[in-house]
Amino acid sequence: MRMPFRLNLTLGLALVSLVILGAVFAPLLTPHDPILDADLMNSEMPPSWDHWFGTDSQGRDVFARVLYGARVSLTIGIVAQAINSTIGIALGLSAGYWGGWWDDVVNGLTNLMLAIPSLVFALAIMAVLGPGVPSLLIALGLTNWSWSCRITRSAVMSLKSQGYVQAARTLGYGDIRIMLTQLLPNIVGPVLVMATLGIGEAVLAEAALSFLGLGIRPPAPSWGNMLTDAREAIRSVPWATIFPGLAVFVTVLGFNLLGDGMRDWLDPRMQVRA
Amino acid sequence: MGRYILRRLLQMIPTLLAVAALIFLIFSVLPGSFAGTMTGGGRRALSPELVAQINAQFGLDKPLPVRFWDYLVRLAQFDLGTSFRTREPVVDLIAARIWPSLQLALSAMALAVTVGIPLGFLAAMRPGSLLDSITMIGAVSGLSMPQFWLGLLLMYVFALQLGWLPSFGYGDGRLRNLILPAIALGFAPLALLARTTRAGVLEVMGSDHIRTAMAKGTSPAQMIRWHVLRNVMVLIVTTLGLQIGSLLGQALVIEKLFSWPGLGSLMVDSVAIRDIPVVQGTILVIVLWFLVINVLVDVIYAVIDPRISLR
Amino acid sequence: MSGPLLDIRGLTIGIPNRSGPPVQIVRDLSFDILPGEIFGLVGESGSGKSASALALMGLNRRPLTTLRGQALYGGQDLLAMSRRSMRKLRGDRISMIFQEPMSALNPLARIGRQIAEMFVLHRGLSWSEAGPKAVEALAAVQVPDPEGRARAYPHQLSGGLRQRVMIAMAMACGPDLLIADEPTTALDVTVQAEVLRLIRGLCERQGTAVLLISHDLGVIAQMCQRVGVMANGRLLELRDAKALFTDPRHPYTQGLLAALPRLGSRATEGRHRLADLDMAIDRDAPDFAATYLCPRGEAA
C-alpha cells in the first residue's frame with residue numbers, strides 16, 4: 001500500500017493549492033463582482049462561456065461568488081483552527097508536563113468539550129454573539145480543540161520521562177522553556193496533522209452555520225449562505241446549488257487528503273490504520 | 001455489572017451540571033435584553049415598566065448566582081423552564097421532538113452500520129483491489145462532503161426530478177419521508193465506519209494470532225468467524241459509539257433542511273428567535289444522549305473484550 | 001533405514017525489495033528430517049531459518065517473488081500443494097509453534113475453545129465433544145487445573161503457560177512433524193528447560209519429529225540429534241549434533257561455538273562476544289562459501 005499515501009499527499013496539496021490560488025487571485029480570474037453584479041435581466045442563466053458556473057436567481061455570477069466565497073471560508077477555517085490548535089497545544093503541553101491538579105482540570109474541560117457536539121456548541125455561541133465573521137471565529141475557534149489537546153497531552157506524557165527532557169531539567173531550564181524548546185518540536189507532526197484535518201472541519205462548520213443563516217450575513221458571498229439562497233430556487237437553478245457545495249467538498253477533501261497524507265508520511269506505521 | 005452501570009450513570013451528573021453551568025453562563029452574557037427580543041426584535045423602544053415586568057415574569061431581575069441556583073433547583077426536578085415564545089414547558093416541547101429525532105438518527109446509524117462495516121470488511125479482504133480503492137476514495141469523500149449539500153442533491157434528484165420520494169416533512173413518520181434525510185445524515189458515519197473497519201481488519205489480519213490460526217489449518221471463512229470478527233468489533237466499537245453519541249447533534253442541519261420535527265430543528269429555530277430556555281434544554285438533552293451512549297459503549301466493550309473488566 | 005519424513009531439496013526463497021531487485025533470503029537449502037528425530041536449525045536472526053519454516057507451512061506473510069525447490073512429504077511436494085490440501089495437513093500432520101506466546105493466541109477467545117478448534121477442524125468433532133478433549137490436551141502438557149485454565153483467556157496466563165497451551169494445540173492431533181520456531185526464546189530461563197523437556201517428552205511418546213529452530217546453541221545441544229547451521233540464507237554445515245559440537249568444521253560454526261560460555265569458565269575470560277564474532281568472520285572469504293554437509297549416520 002505505498003501508492004495511496006503519495007496520492008493522498010499530492011492530490012491533497014493540489015486541491016488545497018487550487019482553492020488558495022482561487023481565493024487569492026479571485027479578481028484576476030473573473031471580471032464579475034460577486035455582490036454588485038446583480039442583474040435581473042441575466043438571472044438564472046445556465047453555465048456558459050460568460051458565466052462558467054451560470055448565474056443565480058438574482059443574476060449574480062456563481063463562479064465569481066464561489067471564488068470570493070473561498071476567501072471567507074479559508075480565512076475562517078484557517079484562523080479558527082489556529083485558535084483551536086493554540087488552545088489545544090497550550091493546555092495539552094502544560095497539563096501533560098505539570099500533571100497534578102492542573103491536569104485534572106484540563107482533562108475535565110476536555111471531556112466536557114467532547115460531550116457537547118462542536119456544531120451544537122458553536123450554534124449556541126452564534127446565538128449569543130449574532131452572525132458575522134468575528135462571531136464565527138470565536139464560535140469555531142473555541143469549540144474544537146479537545147482532540148489537539150488530548151493528542152498533545154498524551155505525547156508529552158510519554159516524552160517527558162525521556163533522557164533529553166530530564167537532562168534539560170538538570171541543566172536548570174525553566175518549565176516554559178522546556179515545553180517550548182524540548183517538547184513542542186517533538187510533537188509538531190501529529191499537531192500539524194490534527195490542524196490540517198481541523199481546517200476542513202471548520203470549513204464544513206462555517207458552511208453549515210451560514211446555511212442556517214447564523215454565519216456570514218448575505219449579501220457577502222459565503223458557500224453556506226449561497227446554498228441557502230439556492231435552495232429556494234433549486235428546481236430552476238440547480239447549478240447555484242451544485243457549485244458552492246462542490247467548492248466546500250473540494251476544499252474539505254483537499255485538507256482531509258493532505259492531513260491523511262501527512263500522517264502517513266510522518267508515521268508509515270499508521271498507513272494501515274488510516 | 002448493574003452496579004457499574006449505576007455508578008457510571010451517577011458520574012454523568014457532574015458533567016451535566018458543568019454543561020448546564022457553561023451554557024447558563026454563555027447565555028447570561030447575551031447582549032440585548034430578553035424583553036426586547038420577545039416583543040418584536042427590539043426595534044421599538046419599550047417602556048421601562050414593560051421591560052421590568054417581563055424580566056420579573058421570567059425571573060431575570062435577580063442576580064446571576066441566584067438565577068443559576070434557581071435553574072439548578074428546577075433542573076433537579078426535571079423542569080427545564082418555560083419557552084419564551086410559546087410559554088409552554090420546555091420539557092413538553094422536547095418530549096414531542098425526541099421520537100422523530102431518534103427515528104432519524106437511528107435509521108441513519110442503521111444504514112451506516114449495515115453498509116459501512118461490510119464494505120470496510122470486503123475492502124480489507126483484498127487490499128489494493130478496485131473495490132478497496134473505490135471504498136477508500138468514497139470514504140474520504142463521504143467525510144469531506146457537507147451533509148446538507150448531499151441532502152440538497154438527493155432532494156433535487158429523487159424528489160424534484162424523479163418524484164419518487166417527498167422532498168421534505170415528517171409525513172407522520174412514514175418510511176418514504178425518512179429515506180432521504182437518513183441517507184444524508186448517515187453517509188458520513190458510513191464512510192467513517194468503512195474506513196475504521198478496513199483499518200481494523202487489516203490490523204487484526206496482521207496480528208500474530210492470525211498466523212497461529214492459519215497454522216492450525218482453518219479455512220478463510222473459519223478464520224474470519226473465529227478469529228477476526230470479534231477482534232475487529234473491539235477495534236471499531238469506540239468509533240461506533242462516538243458516532244451514535246454525536247448523531248443528535250450532527251442532525252441539526254439535516255433536520256432543518258428536511259423540515260424534520262426533531263430536536264435539531266427545535267434548537268435551530270429557538271436559536272433564531274433567541275428562545276434561550278429551549279436552546280439550553282435541547283443542548284442538555286443532546287449531551288445527555290452522548291453521555292448515556294458512552295456508558296453503553298464501555299459496557300459493550302467490556303462484554304466483548306475479556307481483557308477489560310468493569311470496575 | 002526408513003526414508004525421510006520430510007525431504008527438502010534446493011529450497012530458494014526471494015522476497016520483494018523496495019529499493020532494488022528482489023533479495024534471496026534462502027538459497028539452495030537442502031536437508032531432510034527423519035521420522036521421530038529432533039532436527040535443529042541454528043543461525044543468527046535473519047539467516048533465513050524462520051523464513052524457510054514458514055515457507056514449508058505456506059504461511060509467509062508477504063507474497064514471495066521466488067519460491068523454488070521441493071519439500072517432499074509422503075511423496076507430495078508441500079511447496080506445490082493446493083491451498084485446500086495444505087490446510088488439511090496444517091495443524092493435523094504438520095503443526096507449528098511460534099516464538100511469541102504473548103501474541104500467538106487470540107486474546108478474545110477462551111483457551112479451551114482455541115484448542116478445541118483442532119478437533120473440530122481435523123477430527124470432525126462437534127464443539128461440545130471437542131471441549132473435554134481440549135481439557136485432556138491441557139492436562140497432557142502438564143498445565144495445572146486444566147479445566148479452570150480451559151475457561152481462562154490468554155491474558156490471564158503467564159508466558160510459560162501460554163507456550164504450553166500452544167504446544168497442547170500443536171500436538172493435539174498427534175502430528176508427524178512439529179516445527180518449533182524459537183519456542184523458548186521469549187521465556188524465562190527457568191521455564192525454558194521445562195518447556196523443552198515437555199516438547200521432547202511429548203514428541204517421543206507420539207513419535208513426532210521436530211524441526212527446532214533456534215539461535216541458542218545451548219537449546220540445540222540439549223535437544224537435537226542432527227543440526228544444520230545457517231547463515232546468510234545458506235546451510236553451512238549439517239552434522240550429527242555431537243560431531244558438530246566437538247569438532248566444528250566451518251569457521252562460522254567454530255566462531256559460534258567459541259562464543260558460547262563454557263560451564264565453569266568465567267564469563268569474561270577466553271570467550272568471544274557475539275559482536276566480536278561478527279567482526280571476526282569474513283563472509284566474503286572463499287573459505288566461508290564452503291559447506292560441510294555430512295551424510296546421515298556420520299560417525300561421531
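Heavy-atom basis, side chains included; hydrogens, waters and symmetry copies ignored. Reminder, nothing fancy here: chain letters follow the sequence lines and each chain counts from 1.
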Visitor: List in chain and number order the residues that pass side-chain contact (heavy atoms from CB on, under 4.5 Å) with Val135(C), two or more places apart in sequence or in another chain; answer none if no residue qualifies.
Guide: Pro146(C), Glu147(C), Ala150(C)
Visitor: Which bit of Met86(C) comes within less than 4.5 Å of chain B, counting heavy atoms only: side chain, backbone, both or neither?
Guide: neither
Visitor: Which of these passes side chain to side chain contact (heavy atoms under 4.5 Å, CB included) with Thr212(B): Met96(C), Met169(C), Gln114(C)?
Guide: Met169(C)
Visitor: Quick one: does Pro220(B)'s side chain get under 4.5 Å of Arg87(C)'s, heavy atoms only?
Guide: yes
Visitor: Determine whether Glu117(C) and Lys216(B) make a side-chain contact, defined as any pair of heavy atoms from C-beta on separated by less than 4.5 Å.
Guide: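 A side-chain contact exists here, since the closest heavy-atom pair is under 4.5 Å.
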Visitor: I need the minimum non-hydrogen distance between Arg307(B) and Pro107(C), along with the two atoms involved.
Guide: NH1-CB, 3.6 Å
Visitor: Do Trp226(B) and Leu108(C) have side chains that get closer than 4.5 Å, going by heavy atoms?
Guide: no
Visitor: What residue in Ala215(B), Ser207(B), Ser219(B) has the most heavy-atom pairs under 4.5 Å with chain C?
Guide: Ala215(B)
Visitor: Should we say atom CZ of Arg151(C) is surrounded by more than 12 heavy atoms from elsewhere, each under 6.0 Å from it?
Guide: no
Visitor: If you count heavy-atom pairs under 4.5 Å between each of Arg113(C), Met57(C), Met102(C), Arg84(C) and chain B, which one has the most?
Guide: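 Most heavy-atom pairs under 4.5 Å with chain B: Arg113(C).
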Visitor: Check whether Val204(B) gets within reach of chain C through its side chain, its backbone, both or neither, counting any heavy atom under 4.5 Å.
Guide: neither
Visitor: Contact part of Ile97(C) toward chain B, heavy-atom cut-off under 4.5 Å: side chain, backbone, both or neither?
Guide: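 Nothing of Ile97(C), per the 4.5 Å heavy-atom cut-off to chain B.
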Visitor: Would you say Glu100(C) and His209(B) are linked by a side-chain donor-acceptor pair, where the criterion is simply a distance under 3.5 Å?
Guide: no
Visitor: Indicate the atoms forming the closest heavy-atom contact of Gly217(B) with Leu121(C), along with that distance.
Guide: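 In this case the closest contact between Gly217(B) and Leu121(C) is O-CD2, 3.9 Å.
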Visitor: Name the region of Ala104(C), side chain, backbone, both or neither, that has any atom closer than 4.5 Å to a heavy atom of chain B.
Guide: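 Its backbone and side chain both get close to chain B.
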Visitor: Taking the side chain as every heavy atom from C-beta outward, state whether Arg90(C) and Thr218(B) have any pair of such atoms under 4.5 Å apart.
Guide: no
